[in-house]
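Taking it in order: structure first as structure tokens, then the write-up.
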Number of protein chains: 2
Amino acid sequence: MADDRESLLGELTRVAVPGWAIRVVQLNSVVAARLGVTDTDVQCLHVLDLYGPATPGALAKRVNLTTGAATRMIDRLVAAGCVRRVPDPGDRRRVLVEPTKEGVERASAAYAGLVARTREDLADFSDDELRTLLRFMTAAERSTAAEVQELQ
Amino acid sequence: MADDRESLLGELTRVAVPGWAIRVVQLNSVVAARLGVTDTDVQCLHVLDLYGPATPGALAKRVNLTTGAATRMIDRLVAAGCVRRVPDPGDRRRVLVEPTKEGVERASAAYAGLVARTREDLADFSDDELRTLLRFMTAAERSTAAEVQELQ
DNA sequence: ACAAATTACTGCGTGATGCAGCGAACTGAG
DNA sequence: CTCAGTTCGCTGCATCACGCAGTAATTTGT
């Protein structure tokens with residue numbers, strides 16, 4: 001029965017939520033504590049990592065904050081040495097927020113352990129299986145993003 | 001080059017963090033807003049879902065809160081109709097927190113959309129591929145948990 | 001040239017959290 | 001049985017993140 005497709009599907013979705021969801025949030029928290037910033041700030045760093053430098057307004061949208069809250073978030077990240085404010089040459093109202101070299105290093109250091117563990121896990125999989133995993137992860141990322149979009 | 005194993009590994013870890021991690025946190029937030037509770041409260045609901053009823057002290061440990069903060073968290077969840085306080089018959093100091101039927105229903109309703117999308121995504125995979133995915137997800141969940149344990 | 005929109009930033013109130021301390025209940029040594 | 005020590009959940013107080021509303025600077029459109 002454990003090999004029945006339906007129970008496979010159920011198990012799989014259950015490992016993802018709540019199983020993995022809990023861990024991701026927990027990991028975000030401990031990484032945030034390690035960097036000396038809040039959980040929201042780590043989310044912001046991830047956004048910067050994924051999409052590159054952005055204005056405070058754009059960051060506010062992506063992490064679901066008001067522009068006022070984004071200003072303080074950036075203040076904290078600047079104080080922690082993780083990001084830097086750069087004036088936009090094309091529009092003097094705007095400010096571009098970009099991660100500092102030190103910020104990138106400290107963030108990747110915080111995730112080094114997990115990356116190492118994941119590499120070990122992935123060593124047990126063939127190239128074809130890796131492609132299968134990537135195919136699913138990409139689809140899941142897109143689906144989750146779409147669901148977020150729809151719900152809010 | 002995109003089929004090179006090393007770049008496959010890099011892409012895979014990158015889709016997971018920061019890619020998917022961002023989405024999971026965002027989804028937690030919108031679900032929390034929908035249920036009328038905070039992000040932390042949703043994390044608590046996930047813990048209850050995964051491990052079953054627990055005392056406030058145990059919940060505090062799992063969501064990284066003090067017992068004082070846990071008390072208020074449970075107050076909020078009770079007020080929102082998501083959980084219930086049940087006296088422990090064996091130890092009159094203790095209180096067991098368990099999800100209410102209504103809480104479980106509302107939570108699963110909030111995730112119904114994502115579950116449906118994920119089912120659609122998974123329809124493209126064979127049974128063998130599903131087993132591969134489950135094998136990886138399980139390993140990844142365990143690795144992330146271990147990493148959290150070590151970091152904090 | 002000038003009004004309207006956009007952008008980032010600043011007081012103020014609200015609320016979640018940590019810290020410290022409380023009473024109640026359990027445990028174990030004598 | 002007694003009673004000191006421990007554990008458990010809960011309550012003031014201070015701190016800090018956030019939303020809301022308003023401001024100054026800049027850009028855009030007419």
Side-chain angles (χ1 to χ4, degrees), chain A residues 25-26 28-48 51 53-80 82-98 152, chain B residues 25-26 28-48 51 53-80 82-98 152:
Chain A
V25 173
Q26 287 179 334
N28 255 5
S29 269
V30 296
V31 167
R34 188 148 293 216
L35 294 179
V37 297
T38 71
D39 293 15
T40 305
D41 302 344
V42 170
Q43 186 77 348
C44 172
L45 289 177
H46 282 159
V47 169
L48 288 175
Y51 298 103
T55 65
L59 288 175
K61 280 198 183 69
R62 293 221 183 257
V63 298
N64 263 328
L65 251 52
T66 62
T67 62
T71 297
R72 278 105 175 195
M73 174 183 69
I74 297 166
D75 287 344
R76 287 192 301 269
L77 287 170
V78 169
C82 294
V83 305
R84 174 175 42 212
R85 280 185 170 98
V86 178
D88 184 333
D91 187 337
R92 279 187 299 178
R93 291 171 305 179
R94 294 194 175 190
V95 173
L96 285 178
V97 179
E98 63 180 24
Q152 76 182 353
Chain B
V25 173
Q26 287 178 335
N28 255 6
S29 268
V30 296
V31 167
R34 187 149 295 214
L35 294 179
V37 297
T38 70
D39 294 14
T40 304
D41 302 344
V42 170
Q43 185 77 350
C44 173
L45 290 176
H46 282 160
V47 169
L48 288 175
Y51 298 102
T55 65
L59 287 175
K61 279 196 183 70
R62 291 217 184 261
V63 299
N64 262 329
L65 249 52
T66 61
T67 62
T71 295
R72 278 103 176 198
M73 174 184 68
I74 297 166
D75 287 345
R76 288 192 301 270
L77 287 170
V78 169
C82 294
V83 304
R84 176 173 41 211
R85 279 186 172 97
V86 178
D88 184 333
D91 187 336
R92 281 185 296 176
R93 291 170 307 177
R94 293 195 177 189
V95 174
L96 284 179
V97 179
E98 63 180 25
Q152 75 184 352

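Protein chains get the first letters and strands the later ones, always in sequence-line order, with residue 1 at the start of each. When reading the values below, keep in mind they use all heavy atoms of this one structure, side chains included, and skip hydrogens, waters and symmetry mates. Keep in mind that what you see is a predicted model, and the values were worked out from it rather than measured.
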Please table the atom pairs, donor to acceptor, closer than 3.5 Å between any side-chain atom in residues 57-65 of chain B and protein atoms at least two apart or in another chain.
residue	atom	partner	partner atom	Å
B:Asn64	ND2	B:Gln152	OE1	2.9

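Note on B:Asn64: only backbone sugar-phosphate atoms sit closer than 4.0 angstrom, heavy atoms only; bases stay farther off.
Between B:Cys44 and B:Thr40 there is no side-chain heavy-atom pair separated by less than 4.5 Å. Side-chain contact between B:Leu77 and B:Val97: absent, with no pair of heavy atoms (C-beta onward) separated by less than 4.5 Å. Residues B:Pro53 and B:Val86 are not in side-chain contact: their nearest non-hydrogen atoms beyond the backbone lie 4.5 Å or more apart.
Remark: the B:Arg93 side chain and the D:dT7 base include a donor-acceptor N/O pair separated by less than 3.5 Å. Between the side chain of A:Thr40 and the base of D:dC18, no donor-acceptor pair under 3.5 Å is found.
Listed nucleotides: D:dC8, D:dT27, C:dA8. Nearest to the side chain of A:Asp91: D:dT27. Taking the side chain of B:Thr38 as heavy atoms from C-beta on, and the options D:dG19, D:dT27, C:dA16, the nearest nucleotide is C:dA16. Here the nucleotide nearest the side chain of A:Arg94, chosen from D:dC10, D:dG19, C:dT7, is C:dT7.
Between the CG atom in A:Asn28 and the CG atom in A:Asp39 there is a gap of 6.5 Å [rounded to 0.5 Å].
For residues 69-80 of chain B, proximity to DNA chain C is found at B:Ala69, B:Arg72, B:Arg76, defined as any non-hydrogen atom under 4.0 angstrom from a strand atom.
Nucleotides of DNA chain D nearest to A:Gly90 and A:Gly68 differ in position, and the one nearer the 5' end is that of A:Gly68. Position along DNA chain C of the nearest nucleotide to A:Gly57 versus B:Thr66 favours A:Gly57 as the more 5'-ward residue.
A:Thr55 has a side-chain polar atom (N or O) that falls below the 4.0 Å cut-off from OP1 or OP2 of C:dA8. An OP1 or OP2 oxygen of C:dA24 is reached within less than 4.0 angstrom by no side-chain nitrogen or oxygen of B:Arg92.
Rounded to whole angstrom, the span from the CG atom of A:Leu59 across to the P atom of D:dC18 amounts to 13 Å. Atom CG in A:Asp88 sits about 15 Å away from atom C1' in D:dT28, given to the nearest Å. For the pair B:Asp39 CG and C:dA16 C1', the computed distance is 11 Å after rounding to whole Å. Taking atom CG of B:Leu65 as the reference point, atom C1' of C:dC19 lies 13 Å away to the nearest angstrom.
The minimum heavy-atom distance linking A:Val37 with A:Asp41 is given by the pair CB-OD2, 3.3 Å. The two residues B:Thr71 and B:Arg85 have their closest heavy-atom pair at O-NH2, 3.3 Å.
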